[in-house]
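The block underneath contains the structure these notes are about, expressed in structure tokens.
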Amino acid sequence: DLKQSQLLYGLGNKDNALDLLYTALGNLEAAPPVDSTMRQLYIGGIEEMSVPYIKELINMGQFEKAYTLSLKLLEYDPNNYYGLLYSINLANHLGHTDVFEKYTAQAYEHYPYESIFILKQASVYNNKGEHQQAIDMLLPKMHQYSGNTEYVSAYVASSELLAQQQAQVDKYDEAIATLDEALKYSPGNKSLLYNKGLVYEYKQQYDSAYQYQKYYEP
């Protein structure tokens with residue numbers, strides 16, 4: 001089955017090649033005890049074929065088909081790195097929020113040191129309005145990987161959202177403290193300074209508001 005699928009794949013018949021491997025894997029699992037070595041060979045073959053094929057489909061704009069293939073890979077190999085990565089990205093792109101959140105949480109739990117999944121989990125928290133949780137998760141990573149601009153950008157964005165959330169319920173001093181904390185990691189950040197000016201405006205401290213809002217660039 002492996003050799004035949006590889007031949008089909010090499011001839012460009014990628015769907016049939018994968019179908020052949022999935023059928024063989026299904027038959028193997030249907031007759032326990034399962035040969036773990038053979039199962040791993042099938043899984044390896046499926047991953048080897050699926051990953052470049054999914055990437056090819058994405059480049060062609062066939063997002064739904066790529067999404068289906070990435071989910072199928074996870075059915076048999078739930079913690080497959082690329083299966084999770086593509087499923088998360090495609091679910092987000094296609095608007096499948098529940099799937100995006102489910103597999104982001106799974107990926108973050110299984111690969112807690114992978115920056116891509118940390119950043120995705122932060123975005124999940126922010127989408128749900130749980131900005132403090134995003135900040136609490138990102139802060140130790142920033143200390144551990146000092147100089148990582150992606151973590152800093154995510155932390156700044158989460159801080160701005162939290163400050164806006166705090167300001168909406170009249171917690172102006174807390175909002176300013178949140179922005180000041182973010183400014184320690186991104187000094188002179190114009191967006192943070194502008195948001196700080198907005199909070200001062202809400203407090204009706206217009207002189208201070210002007211001092212920070214003047215950094216705004218349309």
Side-chain angles (χ1 to χ4, degrees), residues 5-6 8-26 29 39-40 42-138 141 148-162 164-165 191:
S5 64
Q6 287 169 345
L8 286 169
Y9 192 88
L11 292 171
N13 201 339
K14 298 174 183 179
D15 292 309
N16 283 348
L18 283 168
D19 286 342
L20 182 63
L21 280 185
Y22 276 119
T23 299
L25 181 56
E29 293 185 336
R39 185 184 189 282
Q40 196 53 47
Y42 284 140
I43 291 291
I46 288 169
E47 180 185 24
E48 186 178 340
M49 294 179 189
S50 293
V51 171
Y53 188 27
I54 291 169
K55 186 176 181 181
E56 178 185 329
L57 290 169
I58 292 171
N59 290 336
M60 293 168 60
Q62 296 186 35
F63 302 117
E64 288 286 358
K65 186 172 182 178
Y67 178 61
T68 300
L69 284 177
S70 65
L71 291 181
K72 192 166 186 179
L73 176 56
L74 291 178
E75 284 181 33
Y76 291 91
D77 192 9
N79 293 316
N80 184 280
Y81 178 90
Y82 291 104
L84 287 167
L85 181 62
Y86 283 125
S87 294
I88 289 167
N89 287 337
L90 288 163
N92 188 44
H93 179 76
L94 295 169
H96 302 309
T97 304
D98 291 345
V99 177
F100 171 69
E101 291 181 359
K102 172 188 173 182
Y103 285 121
T104 295
Q106 185 172 316
Y108 177 57
E109 181 180 0
H110 198 73
Y111 300 99
Y113 302 108
E114 286 288 333
S115 62
I116 184 65
F117 296 136
I118 294 167
L119 295 169
K120 295 290 185 185
Q121 184 60 49
S123 74
V124 168
Y125 285 139
N126 285 325
N127 290 342
K128 296 168 74 173
E130 298 171 353
H131 311 305
Q132 187 64 60
Q133 284 183 259
I135 289 170
D136 291 343
M137 182 186 68
L138 289 166
K141 301 299 181 184
N148 186 307
T149 56
E150 289 184 318
Y151 285 143
V152 172
S153 295
Y155 180 80
V156 165
S158 301
S159 297
E160 287 181 327
L161 290 168
L162 177 60
Q164 291 166 13
Q165 189 180 65
S191 182

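Computed from a prediction, not measured in an experiment: that's the story for all the values here.
- Taking CD1 of Ile46 as the start and CG of Asp77 as the end, the distance is 9.0 Å to the nearest 0.5 Å.
- Rounding to the nearest 0.5 angstrom, the gap separating the OG atom in Ser50 from the NZ atom in Lys55 is 15.0 Å.
- Taking every heavy atom of both residues into account, Leu119 and Ala154 meet most closely at CD2-CB, 3.6 Å.
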Residues 120-135, side-chain donor-acceptor partners within the protein, below 3.5 Å, at least two apart:
from   : atom 1 : to     : atom 2 : distance (Å)
Lys120 : NZ     : Asn89  : OD1    : 2.8
Ser123 : OG     : Lys120 : O      : 2.6
Asn126 : OD1    : His131 : ND1    : 2.9
Asn126 : ND2    : Ala122 : O      : 3.3
Asn126 : ND2    : Ser158 : OG     : 2.9
Asn127 : ND2    : Ser123 : O      : 3.2
Gln132 : NE2    : Asp136 : OD1    : 3.0

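- Note: Tyr53 and Tyr9 have perpendicular aromatic rings, judged against thresholds of 30 and 60 degrees for the angle between ring planes.
- The shortest heavy-atom contact between Ser5 and Met49 is OG-CE, 3.4 Å.
- Within the 4.5 Å cutoff, the side chain of Ser70 has heavy atoms near those of the Ile54 side chain.
- Gln6 meets the side-chain hydrogen bond (donor to acceptor under 3.5 Å, both in side chains) test with no other residue; sequence neighbours excluded.
- The aromatic rings of Tyr22 and Tyr76 are tilted relative to each other, their planes meeting at an angle between 30° and 60°.
- To the nearest 0.5 Å, the span separating CG on Asn92 from OH on Tyr103 amounts to 15.0 Å.
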Test log, rule side chain to side chain contact (heavy atoms under 4.5 Å, CB included), inputs Arg39 and Ile43: CA-CA 6 Å; Arg39 185 184 189 282; Ile43 291 291; 3.7 Å; yes
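- Annotation: side chain of Leu90 is in contact with side chain of Ile58 (closest heavy-atom distance under 4.5 Å).
- Under the 4.5 Å side-chain criterion, counting only non-hydrogen atoms from C-beta, Tyr81 is not in contact with Val51.
- Two residues are said to be in side-chain contact when any heavy atoms from C-beta on lie closer than 4.5 Å; Phe117 and Glu109 fail this criterion.
- Note that the OH atom of Tyr108 and the CD1 atom of Ile88 stand 13.0 Å from one another [nearest 0.5 Å].
- With sequence neighbours left out, Lys14 forms a salt bridge (Lys or Arg N to Asp or Glu O under 4.0 Å) with Glu56.
- Distance OG1/Thr68 to CG/Leu73: 12.5 Å, rounded to 0.5 Å.
- Here the straight-line distance linking atom OH of Tyr151 with atom CE of Met137 works out to 8.5 Å at 0.5 Å rounding.
- Not one N or O on the side chain of Ser153 forms a donor-acceptor pair closer than 3.5 Å with the backbone of Glu150.
- The number of heavy-atom neighbours closer than 6.0 Å to CD of Glu48, taken from other residues, nucleotides and ligands shown, is 12 or below.
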When you look at Ser87 and Val99, which way does the side chain to side chain contact (heavy atoms under 4.5 Å, CB included) test go after all the steps? CA-CA 8 Å; Ser87 294; Val99 177; 5.5 Å; no
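- With a 4.5 Å cut-off on side-chain heavy atoms, Glu75 and Leu71 do not count as touching.
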